[in-house]
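Just below is one structure, and these are the notes that go with it.
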Amino acid sequence: MGASGSRLSKELLAEYQDLTFLTKQEILLAHRRFCELLPQEHRSVEESLQIRVSLEQILSLPELKANPFKERICRVFSTSPTRDSLSFEDFLDLLSVFSDTATPDIKSHYAFRIFGNTTPSHMVFVLVLLGSWGSSLELILTLSFLASCDCSLDFDDDGTLNRDDLSQLVNCLTGEGEDTRLSASEMKQLIDNILEESDIDRDGTINLSEFQHVISRSPDFASSFKIVL
Amino acid sequence: MEGSPTWEPEAWGSSGGWLAPREARAAPYPPAPGPSLSSVLNELPSAATLRYRGPGVLPWGMLEEEDEDGGRSIQALAEATQKELQEPHASRELPWPMQARRVHRQSQARDQVALGSRSRVARWALVLGWSKEKTQEGLRTLQPWVWTLKRIGGQFGAGTESYFSLLRFLLLLNVLASVLKLCMTLLPTWVEGDPPGPPGPDTSSHCGSYDPRPQGLIAFPTQLFSLLSGESFLEWSSLFYGFYPPRPHLAVSYLCCVFVIGLLHLLLILHRSVSGLKQTLLAESGALTSYSHRVFSAWDFGLCGDVHVRLRQRNILFDLQVELEEAELRRQAALRTLGQHAKLWSVRVLLNLLVLALLGAAFYGVYWATEFTVQLQEVSYVQQLPLLKLVVNYLPSIFISAVNFVLPPVFKLIAPLERYTRSRQIVFILLRTIVLRLASLLVLLFSLWNQITCGGNSEAEDCKTCGYNYKEIPCWETRVGQEMYKLLIFDLLTGVAISLFIQFPRKLFSALCPGALGRMVGTQEFQVPDEVLGLIYAQTVVWVGSFFCPLLPLLNTVKFLLLFYLKKHTLFSTCSPASRTFRASTANFFFPLVLLLGLAISTVPVLCSIFLIPPSKPCGPFRELSSIWSQIPISISSLSQTTQNFLFFLGTQAFAVPLLLISSVLMVYTLALANSYGRLISELKRQIKTAAQDKVFLAQRAVALSSAQGAL
């Protein structure tokens, strides 16, 4: 704490406090941790605000390293065109949404984006080929194809959570190994139940307002959607 | 199948038919003429505003390479959002990146300057809102151990964090109570001169004399044991009730102190539980959304460390599998025959009788232990050996602790036999443990009352002269205070002993012992419900005892401070994260409720002593009165006539009955309002469903019409 001090100017700190949900100490701590990711010669204040850090470096932070959603989180908050690097302000955005005092509205908005669609476009042909979910063989084939991809697929968000988004989400929650996944019938039953509970307009997908409606009635969400440096 | 739109009505019923929009969105061949269904749906204003990310930023779901009508659609999005954002939002609440928020804030500031003179009311509202936010921020920084709690929550889950948060809250309650006791009880005692010593043996009172101070030389072990049992030199000290002199001002403030503390604690607990209650009451019904909650709020993003993450993943898998299994069980249960039902219910009745029998045996044991203590203390060799005397003194506490240690695991074994769902089993176990803990305390107090008032029989031989059993217990309030003091000390000693002699050796043993045995022995978890019930029990003891032992809140503050650091140290060095995540929401709703129950239970002995039992004659500030409460009317009669009339009016029926009527009317109105809101919500849900169907129908029609036009 002593050597780095408050290298951010007072006006900048005040502006960040106004624009995010973070306190002054949290912003300073975030700046310190961000600068530690930069190479030694680029650690000045001006450069740290301009430079972008690659995804691999951000993912090496201990708070994110073991998180199964780490890739999605970084891609959601990245403002670069190819979504593979974070600037300091993106990093502050991330911490702000995951902070203690962020409103449940903004948390649920970003949670929706993080849980959201990660099916690459070539996957959809498979869905087209397999018509209905009736046959269990087709189901197993589809799910094994889905499961062979890890949680870091191309980001392609179309604004709703459909069945494969939900099954990807559940796979992220339970772990990626062969023996840590739900069986196919359990997965189908689970997703049926979830859609039964949350899909108000019965279109087979959960859109943002339905998601926010479900989350608003979950009292644990705000306390679990937190990252503290 | 992919691009061709269909609008058969029957396709809407099954969810299979709804794959059509998703498929149509992606499959590019054969390309349908005119706009596709997905592009029509994407242009809807609702979709546009949801995807908007601020000026100068690509909306969600758009990649940089798309530029067919990218520019146009971005423009449309911006316009659509401008209309939405009419009300002033705080910039930080918008789900946009930092740069976009900065631009928005600057434009908002420009607008405010342009508006110029706003109405005075608006300005005052702004100042009020700003000052409220600043005070809340200030109060948040005043709370101690904020970083510790965050670390605990990150590593061990929100359930464990809620235990420490509750401990911090109880610490606050005890600090406030100690300060009030200091100001209202201790200060007035010394303000009017040193209090006198105990009455000598030659007083004319026929209720006996009372001099607990030790005579002559006392051995050091005896002194130490007296410290632990609250006797001899501690008995006539400001620790207990008997010491305080019979001065009228002191009497009034001593009595009012108890009521003020009770009221203050009630308000603080209600304030804390309101937020938890609000969230729990909002849920229409827990059963309606259990799966969604289990999946969407399952992941604790604060977890770090590979080991913890893998553990949590395993637990989530287990949780989901159990829940699906239970759904299966419930389906089977609905299909049970009458015979099976009868068998199940007879098993349940038997088990409940067993539980009642166990509870009854425990309570009888506590009662017997308290009675036996008195008998044992008369035995001669007990008197001679100080250690034995101490053990006999502590017999009730030892018995209560033993019962609280042995019975809850038995309840945990019995619960699965009743074939309820897992969550219901947990509720039953918790309820039974709560009844055990709080009722055993009540039984102890009941047996004390029995001894003091000769079983409530004021005509009994021992109790006739003074109204209480003056031969055995010359100063009964001090005696009750001593029992509570002993319970507190023993609770602290058992807590320390369990940490030092059970948990740390287990950890050492598992480190030395390799393989599966070491792992099995070594994985200790922080059992949140048991620990929280222990806290609530300790606080109830203090609530009961603080009338009879004014320094008890201060001792409890020290005890809870020690407990905080001890539990924190034990947690970090010996415990692994809990396998069954105890939900923080349950903790926030359920535990303040049980705390309120403890407070309610603790008022029973205190009010009984104030109103029903005559105060002791040789000791205490109420020694010359017929009942402790009678001090209040005596003091009121010394006030002015109008104040007297007002205060007496508050106690009449003419005040209480209208108050009750108005409260009932308000309650009925609130219930009716809540009911109508529930009905409105279901109605709105139905309307959303119909509107969505309409929207897709119209979009499909539009696509069909334009493709038909294109084909022409």
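Protein chains get the first letters and strands the later ones, always in sequence-line order, with residue 1 at the start of each.
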Completion exercise
Whatever's closer than 4.5 Å to a heavy atom in chain B on Leu64(A) counts as neither
Practice task
Against chain B, work out which of Ile106(A), Asp93(A), Leu166(A) has the most heavy-atom pairs shorter than 4.5 Å and name it.
Solution key: Asp93(A)
Practice task
Would you name the heavy atoms of Arg92(B) and Asp18(A) that are closest together and state the gap between them?
Solution key: NE-O, 3.7 Å
Practice task
Would you give the length of the straight line joining atom CG of Leu684(B) to atom NE2 of His213(A), rounded to the nearest 0.5 angstrom?
Solution key: 9.5 Å
Practice task
Without swapping roles, check the side chain of Glu186(A) against the backbone of Leu324(B) for a donor-acceptor pair under 3.5 Å.
Solution key: no
Exercise for the section: Begin with the C-alpha distance, continue with both residues' side-chain angles, and end with the deciding distance and a verdict on side-chain contact (heavy atoms from CB on, under 4.5 Å) for Glu323(B) and Leu190(A). Expected result: CA-CA 9 Å; Glu323(B) 184 62 33; Leu190(A) 179 64; over 6 Å; no
Completion exercise
Closest heavy-atom pair, Ser292(B) versus Ile194(A), reported as atoms and distance to 0.1 Å, is OG-O, 4.0 Å
Practice task
Under 4.5 Å heavy-atom distance to chain A, tell me which part of Arg310(B) shows up: side chain, backbone, both or neither.
Solution key: neither
Exercise for the section: Grab the two heavy atoms, one from Arg105(B) and one from Leu19(A), that are nearest each other, plus how far apart they are. Expected result: CD-CD2, 3.6 Å
Problem - Best-contacting candidate, Leu173(A), Val170(A), Asp199(A), Leu208(A), against chain B by heavy atom pairs under 4.5 angstrom - result: Leu173(A)
Handout entry: Arg102(B)/Tyr16(A) under side-chain contact (heavy atoms from CB on, under 4.5 Å): CA gap, chis, key distance, verdict
Key = CA-CA 9 Å; Arg102(B) 198 177 267 132; Tyr16(A) 283 151; 3.6 Å; yes
Problem - Separation of Glu328(B) CD from Gln189(A) CD (nearest 0.5 Å) - result: 6.5 Å
Exercise for the section: Determine yes or no for a side-chain-to-main-chain donor-acceptor pair under 3.5 angstrom, with Gln313(B) supplying the side chain and Asn171(A) the backbone. Expected result: no
Practice task
Classify the ring geometry between Trp299(B) and Phe69(A) as parallel (under 30°), tilted (30 to 60°) or perpendicular (over 60°).
Solution key: perpendicular
Handout entry: side-chain contact (heavy atoms from CB on, under 4.5 Å) against Arg314(B), all qualifying residues, sequence neighbours excluded
Key = Leu311(B)
Practice task
Only counting residues at least two apart or in another chain, list the ones meeting side-chain contact (heavy atoms from CB on, under 4.5 Å) with Ser80(A).
Solution key: Arg52(A), Ser78(A), Thr82(A), Asp84(A), Ser85(A)
Handout entry: Residue part contacting chain B, namely of Ser209(A), when any heavy atom lies under 4.5 Å
Key = neither
Completion exercise
When the 4.5 angstrom heavy-atom criterion is applied to Thr103(A) and chain B, the contacting part is side chain
Fill in the blank from the handout: Honestly, the part of Ile206(A) sitting under 4.5 Å from a heavy atom of chain B is side chain
Handout entry: Rounded distance [0.5 Å steps], CE in Met98(B) versus OG in Ser87(A)
Key = 8.0 Å
Exercise for the section: Of all the heavy-atom pairs spanning Thr79(A) and Pro97(B), show the shortest one and how long it is. Expected result: CG2-CB, 3.5 Å
Fill in the blank from the handout: To the nearest 0.5 Å, atom CD of Glu93(B) lies from atom NE2 of His109(A) at 13.5 Å
Handout entry: Phe296(B): which of Phe221(A), Phe115(A), Phe225(A) passes side chain to side chain contact (heavy atoms under 4.5 Å, CB included)
Key = Phe115(A)
Practice task
Grab the two heavy atoms, one from Val309(B) and one from Pro68(A), that are nearest each other, plus how far apart they are.
Solution key: CG1-CD, 4.3 Å
